[in-house]
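Only one structure is covered here, and it is reproduced in the block below.
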Amino acid sequence: ETDMQRKPAKRSSLFLLELIIAILFFCLASAVCVRFFVRSHVMEQETTELNLAVDQAVSAAEILRSGQDIAACLKDYYPDIVSFEDEKYHTTYYTICYDQEWNPCRKDESIYRLSLAYKEENGFATGDISVFANRLKDPIYTLEVEKYLQKEANR
């Protein structure tokens with residue numbers, strides 16, 4: 001009778017051990033899968049952010065290349081733009097702020113910002129454009145623009 005009682009106990013403890021091992025395996029597999037999903041989501045957000053930053057930088061570059069009055073043109077497109085001139089380096093700095101959906105906004109509502117350093121010298125106009133996320137130190141995207149300034153000949 002004692003042998004009969006021990007066999008079912010051994011069999012059930014072995015089954016429990018197998019069940020615990022199977023549960024641990026599925027927990028480990030699901031943890032790895034969740035990690036991949038999270039990393040994939042982060043990469044998708046970074047890619048979207050980069051694409052939108054490129055769009056904004058290219059838009060600012062096109063304004064610089066247009067040959068129109070840069071300050072007036074930027075003010076028309078971005079009413080909340082902030083600018084200051086550095087007389088020493090003959091450079092004008094512009095800052096355009098954007099909200100979560102990349103719409104231009106005031107600085108206190110901003111999530112992203114575009115910085116533009118504009119300079120005219122030696123017959124060229126140059127613009128250094130950098131797009132930042134406020135949470136990051138390094139820029140998301142940078143772009144350098146150069147345009148030859150045509151001068152009218154005296155007659």
Side-chain angles (χ1 to χ4, degrees), residues 16-155:
L16 282 175
L17 185 61
E18 287 176 10
L19 191 60
I20 290 171
I21 290 171
I23 290 171
L24 287 174
F25 173 76
F26 283 116
C27 287
L28 183 65
S30 64
V32 169
C33 288
V34 167
R35 187 169 176 220
F36 283 133
F37 282 123
V38 169
R39 182 67 192 136
S40 169
H41 180 69
V42 169
M43 286 175 66
E44 177 194 5
Q45 284 181 323
E46 288 173 351
T47 302
T48 301
E49 199 171 64
L50 175 62
N51 288 336
L52 293 169
V54 169
D55 288 346
Q56 296 305 326
V58 168
S59 294
E62 289 303 320
I63 291 172
L64 293 181
R65 287 189 200 133
S66 70
Q68 300 173 16
D69 178 12
I70 304 305
C73 204
L74 286 170
K75 190 72 175 163
D76 284 347
Y77 286 106
Y78 309 104
D80 294 314
I81 192 171
V82 177
S83 65
F84 75 91
E85 289 193 35
D86 186 339
E87 298 292 331
K88 182 179 178 184
Y89 296 106
H90 308 288
T91 304
T92 305
Y93 296 92
Y94 298 95
T95 302
I96 303 166
C97 297
Y98 300 94
D99 63 15
Q100 186 69 39
E101 281 79 39
W102 289 88
N103 298 313
C105 68
R106 295 189 325 267
K107 185 178 181 179
D108 60 333
E109 301 169 344
S110 72
I111 303 293
Y112 304 100
R113 73 185 183 285
L114 181 143
S115 298
L116 166 62
Y118 179 76
K119 180 188 239 182
E120 290 182 7
E121 73 178 356
N122 300 328
F124 285 92
T126 58
D128 291 323
I129 303 168
S130 297
V131 183
F132 295 87
N134 291 346
R135 69 182 192 285
L136 301 174
K137 187 184 95 170
D138 295 328
I140 300 170
Y141 184 72
T142 58
L143 178 64
E144 293 179 16
V145 182
E146 190 171 77
K147 179 183 186 322
Y148 176 70
L149 299 173
Q150 296 177 349
K151 295 182 180 177
E152 292 186 19
N154 293 334
R155 292 186 179 190

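We count residues from 1, following the sequence as given.
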Hey, can you pull the donor-acceptor pairs under 3.5 Å for the side chains in residues 30-49, sequence neighbours left out?
| unit_1 | atom_1 | unit_2 | atom_2 | d |
| --- | --- | --- | --- | --- |
| S30 | OG | F26 | O | 3.1 |
| S30 | OG | C27 | O | 2.9 |
| H41 | NE2 | Q45 | NE2 | 3.4 |
| T47 | OG1 | M43 | O | 2.9 |
| T48 | OG1 | E44 | O | 2.9 |
| E49 | OE1 | R135 | NH2 | 3.2 |
| E49 | OE2 | Y112 | OH | 2.8 |
| E49 | OE2 | R135 | NH1 | 3.0 |
| E49 | OE2 | R135 | NH2 | 3.3 |

Qualifying residues under side-chain contact (heavy atoms from CB on, under 4.5 Å), relative to D99, sequence neighbours excluded: E101, N103, C105
Which residues pass the ring pair (Phe, Tyr, Trp, His ring centres under 6.0 Å) test with F84, sequence neighbours left out? Y93
Pairs involving residues 73-91, ordered by first then second residue, that meet salt bridge (Lys or Arg N to Asp or Glu O under 4.0 Å) (sequence neighbours left out): none
Nearest-0.5 Å distance, OH of residue Y78 to OG1 of residue T95: 13.0 Å
What salt bridge (Lys or Arg N to Asp or Glu O under 4.0 Å) pairs are there with at least one residue in residues 108-118, not counting sequence neighbours? R106-D108, R106-E109
Just distance, no hydrogens or angles: give the donor-acceptor pairs under 3.5 Å from side chains in residues 53-64, sequence neighbours left out.
| unit_1 | atom_1 | unit_2 | atom_2 | d |
| --- | --- | --- | --- | --- |
| Q56 | OE1 | Y98 | OH | 3.2 |
| S59 | OG | D55 | O | 3.0 |
| E62 | OE2 | R65 | NH1 | 2.8 |

Which residues pass the side chain to side chain donor-acceptor pair (under 3.5 Å) test with Y118, sequence neighbours left out? E120
Test ring pair (Phe, Tyr, Trp, His ring centres under 6.0 Å) applied to F124 - qualifying residues, sequence neighbours left out: Y148
Residues forming a side chain to side chain donor-acceptor pair (under 3.5 Å) with E121, sequence neighbours excluded: none
Applying salt bridge (Lys or Arg N to Asp or Glu O under 4.0 Å) as the test, list every pair that has at least one member in residues 137-146; sequence neighbours left out. none
By side-chain contact (heavy atoms from CB on, under 4.5 Å), which residues pair with S130, not counting sequence neighbours? F132, P139, T142
Of I96, V131, L74, T92, which meets side chain to side chain contact (heavy atoms under 4.5 Å, CB included) against L116? L74
